[in-house]
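Notes to accompany the following structure.
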There are 2 protein chains.
Amino acid sequence: MVDAPAQVRPGGRSAKVRAAVHHAVAQLLAEEPAEALTIPAVAARAGVHPTTVYRRWGSAAQLLGDVATSRFSGDVVVPDTGTLAGDLERWLGDVATDLTDPDTLALMRATIGSGPEGGCACIGDRHEQLSAMIERERSRGGRTPEVESAVDFLLGPLYYRAIFSAQPASSDWARELVATFLAASEALA
Amino acid sequence: MVDAPAQVRPGGRSAKVRAAVHHAVAQLLAEEPAEALTIPAVAARAGVHPTTVYRRWGSAAQLLGDVATSRFSGDVVVPDTGTLAGDLERWLGDVATDLTDPDTLALMRATIGSGPEGGCACIGDRHEQLSAMIERERSRGGRTPEVESAVDFLLGPLYYRAIFSAQPASSDWARELVATFLAASEALA
DNA sequence: CCACTAACGCAGCGATCGGTGCGATAATTT
DNA sequence: AAATTATCGCACCGATCGCTGCGTTAGTGG
């Protein structure tokens with residue numbers, strides 16, 4: 001995918017166009033079905049000439065990937081409550097809340113459908129955030145579960161419900177998920 | 001791939017067209033990116049006139065949903081090994097093997113991206129199959145986990161890896177997943 | 001302040017997509 | 001076997017999509 005912040009000329013104009021186009025993509029996906037996300041439509045909504053979009057992003061798939069990576073990076077802050085349980089509950093609750101928004105889900109679905117790397121773009125820095133919290137607990141001396149199993153049993157159910165289930169997962173449910181995961185990994189250790 | 005005979009006129013011709021179109025969709029998704037899945041392209045690949053596809057399915061999204069529900073229904077048989085652990089390991093291993101195929105993943109991704117109900121179409125009858133195995137064990141007198149948590153902790157990680165992760169989940173990994181899930185749900189009961 | 005050049009807007013061009021009216025074909029019924 | 005009707009193929013038509021030279025605008029460095 002195309003790296004956005006590596007623009008050669010980040011002066012006001014390029015950044016403004018980029019922001020407008022990103023906003024237009026999110027807006028269009030929130031209203032129309034994903035197949036209506038065409039370059040001329042995005043350009044018209046953004047108040048930008050289609051040529052600009054064609055030249056900077058090339059295809060709708062690359063544009064979607066760019067929007068997704070921007071959208072799902074730096075959107076959730078890693079908390080520091082002092083305990084791993086507190087950190088995870090707070091963090092996964094925030095992630096779940098984020099996934100409650102139908103427009104966010106629409107962006108995720110469209111990005112997944114845009115190509116094989118679409119899913120990875122939607123994860124953003126979730127794995128690093130999770131790893132950071134677990135690593136911090138480990139440096140505090142606590143016995144921690146593996147990052148891999150945390151991904152499987154925390155992000156797995158959450159994103160599965162978001163994508164494959166009709167009703168999205170609530171923040172409270174995410175917190176319960178953390179509790180049962182920690183209890184189970186403690187019981188099996 | 002099982003043909004769903006819910007057609008008004010299931011005589012040889014309609015069924016043949018339907019099968020050809022379904023096959024063409026899977027074939028195109030395996031080769032080209034998802035945005036190339038246009039009705040004329042599908043019709044040409046299927047050796048069918050575009051008008052036919054337009055009239056029977058209307059849009060590419062509906063066609064994708066139809067293909068996905070057919071593809072992900074009746075593809076995995078519910079085993080009967082005598083124990084819940086055996087059944088689940090066998091079944092989830094088969095599901096994981098199915099998800100190993102890149103073409104299957106491409107179909108899933110495209111279907112998810114086609115609309116809000118796309119994800120549900122990819123699940124097919126997984127939930128019913130899971131529920132059937134657990135219900136059977138319950139009728140045998142065993143203490144069983146909840147169907148809901150089985151969905152969360154078995155299908156969740158499996159489909160999460162398939163969609164959001166780069167490396168697909170192996171059948172062996174799926175079997176380990178079943179083992180740890182059953183052990184955890186036993187320990188927490 | 002001025003040259004330089006990246007980024008953008010404009011006009012326009014094939015190509016193809018989605019859709020419709022009408023006749024032909026084949027499955028089903030009587 | 002004849003009638004009926006669902007289904008398909010053909011020809012065709014706007015609309016619009018993806019894309020390309022070319023001139024213009026506006027950030028950037030000397």
Side-chain angles (χ1 to χ4, degrees), chain A residues 1-25 27-29 31-67 70 110-111 113-115, chain B residues 3-25 27-29 31-67 70 110-111 113-115:
Chain A
M1 292 294 159
V2 179
D3 281 80
Q7 286 302 322
V8 185
R9 182 172 285 194
R13 198 190 187 187
S14 292
K16 227 172 170 74
V17 167
R18 180 184 149 91
V21 169
H22 277 215
H23 193 66
V25 168
Q27 208 169 336
L28 271 179
L29 280 179
E31 302 173 2
E32 320 248 353
E35 65 237 23
L37 193 82
T38 174
I39 304 260
V42 171
R45 177 66 64 102
V48 168
H49 204 271
T51 317
T52 303
V53 183
Y54 280 117
R55 284 212 244 270
R56 278 187 65 165
W57 285 277
S59 73
Q62 288 175 307
L63 174 57
L64 257 178
D66 190 29
V67 172
S70 294
T111 307
S114 72
Chain B
D3 293 72
Q7 291 300 322
V8 184
R9 181 173 282 194
R13 198 190 188 187
S14 291
K16 229 176 173 71
V17 167
R18 181 182 148 92
V21 169
H22 278 213
H23 193 65
V25 167
Q27 208 169 336
L28 271 180
L29 280 180
E31 301 174 2
E32 321 247 354
E35 65 237 25
L37 193 83
T38 173
I39 305 261
V42 170
R45 178 65 65 103
V48 167
H49 206 272
T51 317
T52 303
V53 183
Y54 280 118
R55 284 211 246 269
R56 277 187 66 167
W57 285 277
S59 73
Q62 288 174 306
L63 173 57
L64 257 177
D66 189 31
V67 172
S70 295
T111 308
S114 72

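Naming convention: chains lettered A, B, ... in sequence-line order (proteins, then strands); numbering from 1 in each chain.
- Taking a cutoff of 4.0 Å between a charged side-chain nitrogen and a carboxylate oxygen, B:Glu31 and B:Arg45 qualify as a salt bridge.
- Heavy atoms only, all atoms of each residue included: B:Ala34 and A:Gly113 are closest at CB-O, 3.4 Å.
- Nearest-nucleotide mapping onto DNA chain D: of A:Pro40 and A:His49, the residue sitting toward the 5' end is A:Pro40.
- At whole-Å resolution of the value, CH2 in B:Trp57 and P in D:dT7 are 11 Å apart.
- The interatomic distance linking B:Arg18 (CZ) with D:dA6 (C1') rounds to 16 Å, in whole Å.
- Contact check, A:Arg56 against C:dA6: no side-chain N or O comes under 4.0 Å of OP1 or OP2.
- At whole-Å resolution of the value, CG in B:Leu37 and P in C:dC17 are 11 Å apart.
- OP1 or OP2 of D:dG9 lies within a sub-4.0 Å distance of a side-chain N or O belonging to B:Thr52.
- Atom CD1 in A:Ile39 sits roughly 17 Å away from atom P in C:dC17 (whole-Å rounding).
- Taking atom CD on B:Glu35 and atom P on C:dG18, their separation rounds to 13 Å, with Å as the unit.
- Partner of A:Val25 under the side-chain contact (heavy atoms from CB on, under 4.5 Å) criterion, out of A:Thr111, A:Leu64, A:Asp66: A:Leu64 alone.
- Side chain of A:Tyr54, nearest nucleotide from C:dA7, D:dC8, D:dG18: D:dG18.
- The base of C:dG9 sits within donor-acceptor range of the side chain of A:Arg55, with an N or O pair under 3.5 Å.
- Whole-Å rounding puts the B:Gln62 CD to C:dG18 P distance at 13 Å.
- Panel note: side chain A:Ser59, backbone A:Gln62; a donor-acceptor pair is recorded below 3.5 Å.
- Residue A:Thr51 is classed as a base contact, given a heavy-atom separation below 4.0 Å to a base.
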